[in-house]
Amino acid sequence: MKHFGLIAGAAALVLVAGGALGYAAVAGDDDGGGAGTPSAESADAGFARDMAVHHQQAVEMSYIVRDRTKNEQVRRLAYDIAQTQANQRGMLLGWLDLWELPKVSADPPMTWMGMGGEGAAGEDAGGALMPGMATNAEMKRLGELNGKQAEIFYLQLMTDHHKGGVHMAQGCLSKCEVGVEKRLARTMVEGQQSEIELMAGMLRERGARAR
């Protein structure tokens, strides 16, 4: 239970820090780069666009499972993930606004990482997906399950989702130039890796494991 308090506390810190992060992204700060306004083709813009989409699915997935189970442990985790990622998504989209850059791109997702078009595109994928994202069929199935089955499937989907998110955030750490964005990416890596460990334990308690 202590872990949930830490996650909730991190979400609160994200809210408090949001204004400062937004200002720093415009004013230019010097943690690995105060390189001025990024271009639309930069890793900074690509990460902001793609991670905003990636986070949106995590928020949707979390609210779905809250309607499919009464288990307080899972519901609390889902709420914490939804709140944290919704706040981070707001920062990413806010930076694009401040940089006066488009929120969509004609390039395939992950182009900024040199992985454009490598998602799980297909009939059930709903387009070119990014690492770890659930397909349309998987999202539909989650909304049809109840109780323990919904909990297990959610934990498996979110584990995959977090692994993909960590991969993307690590890409930003190596390719982005805006220091404040890199700090947010580092926060994502640390927070999601911690939640992956937590979810592994929750799956074991339910006689299951990550996919």
Side-chain angles (χ1 to χ4, degrees), residues 6-60 62 80-119 128-133 158 160-196:
L6 292 173
I7 296 172
L13 287 174
V14 168
L15 279 169
V16 172
L21 287 173
Y23 174 79
V26 179
D29 86 318
D30 297 317
D31 181 21
T37 302
S39 70
E41 295 76 29
S42 66
D44 298 275
F47 174 73
R49 283 192 298 263
D50 286 353
M51 190 59 88
V53 174
H54 203 272
H55 272 23
Q56 180 59 32
Q57 189 184 67
V59 172
E60 293 171 2
S62 295
D80 287 340
I81 289 174
Q83 293 301 301
T84 298
Q85 297 213 12
N87 291 332
Q88 292 175 345
R89 182 174 185 270
M91 292 180 196
L92 296 166
L93 294 176
W95 289 336
L96 290 171
D97 280 337
L98 291 167
W99 296 333
E100 297 184 350
L101 297 178
K103 296 183 178 68
V104 295
S105 172
D107 294 327
M110 305 300 294
T111 297
W112 60 276
M113 274 189 72
M115 296 173 57
E118 293 185 17
L129 295 184
M130 287 169 273
M133 287 188 71
M158 191 57 75
D160 290 343
H161 204 275
H162 272 20
K163 288 178 179 177
V166 167
H167 175 63
M168 292 169 66
Q170 288 172 334
C172 180
L173 286 173
S174 66
K175 295 179 178 293
C176 291
E177 296 184 0
V178 176
V180 69
E181 189 176 22
K182 294 176 72 171
R183 285 204 297 275
L184 179 61
R186 188 175 299 113
T187 297
M188 291 178 185
V189 170
E190 294 170 355
Q192 292 189 30
Q193 285 178 334
S194 177
E195 287 172 345
I196 288 169

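Predicted, not measured: the structure shown is a model, and the values here were computed from it.
Considering only heavy atoms from C-beta on, Asp50 stays 4.5 Å or farther from Met113 through its side chain. Side chains of Asp97 and Lys103 form a contact here, defined as non-hydrogen atoms less than 4.5 Å apart. With contacts defined as side-chain heavy-atom distances shorter than 4.5 Å, the pair Pro38/Val178 qualifies. Side-chain contact check for Met130 versus Met115: every heavy-atom pair is 4.5 Å or farther apart. Counting heavy atoms from C-beta on, the side chains of Trp99 and Asp44 come closer than 4.5 Å. With a 4.5 Å cut-off on side-chain heavy atoms, Leu184 and Phe47 do not count as touching. A 4.5 Å side-chain heavy-atom check between His161 and His54 finds at least one atom pair inside the cut-off.
Annotation for Ala45 and Ala40: closest pair CB-O, 3.7 Å, computed over non-hydrogen atoms. For the pair Glu181 and Cys172, the tightest heavy-atom approach, listed with the atom from each and the gap, is CG-SG, 4.2 Å. Nearest heavy atoms, Val189 versus Ala169: CG2-CB, 3.5 Å. Nearest heavy-atom pair across Ala52 and Leu92 is N-CD1, 3.9 Å. Among all heavy-atom pairs drawn from Ala82 and Ser62, the shortest one is CB-CB, 3.9 Å.
For the atom pair Met188 CE and Thr84 OG1, the distance stands at 10.5 Å (nearest 0.5 Å). The NE2 atom of His55 sits 9.5 Å away from the CG atom of Asn87 when rounded to the nearest 0.5 Å. Remark: Ile196 CD1 to Asp160 CG distance equals 9.0 Å, nearest 0.5 Å. A distance of 12.0 Å separates CD in Gln57 from CZ in Arg89, rounded to the nearest 0.5 Å. Considering NZ of Lys182 and CD of Glu177, their distance stands at 8.0 Å, rounded to 0.5 Å. To the nearest 0.5 Å, the span separating CD on Gln85 from CD on Glu60 amounts to 11.5 Å.
At distances below 3.5 Å, not a single donor-acceptor pair connects side-chain atoms of Arg49 with backbone N or O atoms of Leu96. Formation of a donor-acceptor pair under 3.5 Å by the Ser174 side chain with backbone atoms of Gly171 is found in this model. For the pair Ser194 (side chain) and Glu190 (backbone), a donor-acceptor distance under 3.5 Å is absent.
Partners of Lys163 by salt bridge (charged side-chain N to carboxylate O under 4.0 Å, His left out), not counting sequence neighbours: none found.
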